[in-house]
Amino acid sequence: MRDTMIKNGDIVIGSSGNTVLLEGTDAKFQQAVLCISAKLGDRNFGSKVLLQDKTLSAKQTELLANESLAKMKNTYASVKSVGKTITIDLTVDDITRKVQINGNL
């Protein structure tokens, strides 16, 4: 799997002027983070996490995050804290990384 790197809502451009590409596990992690952090816009992408008008509990947030990841094989989220920023242990293919979701793509 390959994907263009996105950081702070923008495509990352390398020193050569070309877009920076992610491959393999890094690309899968980016796709998973985008699935959780994007507001649900159609039935195939995004989550309901950021559509809530109140702060949800960690368990409620975790359920919504994992719902958005359902079509991604071997990928799941474990929410550690909620508030202004949501901290998640995100696991893809048995590799876990800590990520933060704050609603800004």
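Residue numbers run from 1 in the order of the sequence given.
Summarising the geometry of L69 relative to C35, their closest heavy-atom pair is CD2-CB, 4.1 Å, with the distance given to 0.1 Å. Across all non-hydrogen atoms, the minimal contact from E62 to A77 is CG-O, 3.4 Å. In this structure, M72 and K28 approach most closely via the heavy-atom pair CE-O, 3.6 Å. Of all heavy-atom pairs between A32 and T75, the closest is CB-CG2, 4.0 Å.
To the nearest 0.5 angstrom, Y76 atom OH is 13.0 Å from I88 atom CD1. I86 CD1 to I36 CD1: the interatomic distance, rounded to the nearest 0.5 Å, is 9.0 Å. Q100 CD to L90 CG: the interatomic distance, rounded to the nearest 0.5 Å, is 13.0 Å. Atom OG of residue S78 and atom NZ of residue K98 lie 10.0 Å apart, to the nearest 0.5 angstrom.
In terms of the side chain to side chain contact (heavy atoms under 4.5 Å, CB included) criterion, residue partners of T25 (sequence neighbours excluded) are, by chain and number, F29, I95, R97. By the side chain to side chain contact (heavy atoms under 4.5 Å, CB included) test, K73 pairs with no residue at all, sequence neighbours left out.
Summarising the hydrophobic clusters (Ile, Leu, Val, Met, Phe, Trp, Tyr; side-chain heavy atoms under 4.5 Å, direct or chained), the residues clustered with M5 are V12, V20, L22.
Although no hydrogens or angles enter the test, the distance criterion places no donor-acceptor pair under 3.5 Å between the side chain of Q30 and the main chain of K7.
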Candidate pair I13 and T19, rule side chain to side chain contact (heavy atoms under 4.5 Å, CB included), full reasoning = CA-CA 4 Å; I13 305 295; T19 58; 3.8 Å; yes

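The side-chain heavy atoms of T85 and I101, taken from C-beta on, include no pair separated by under 4.5 Å.
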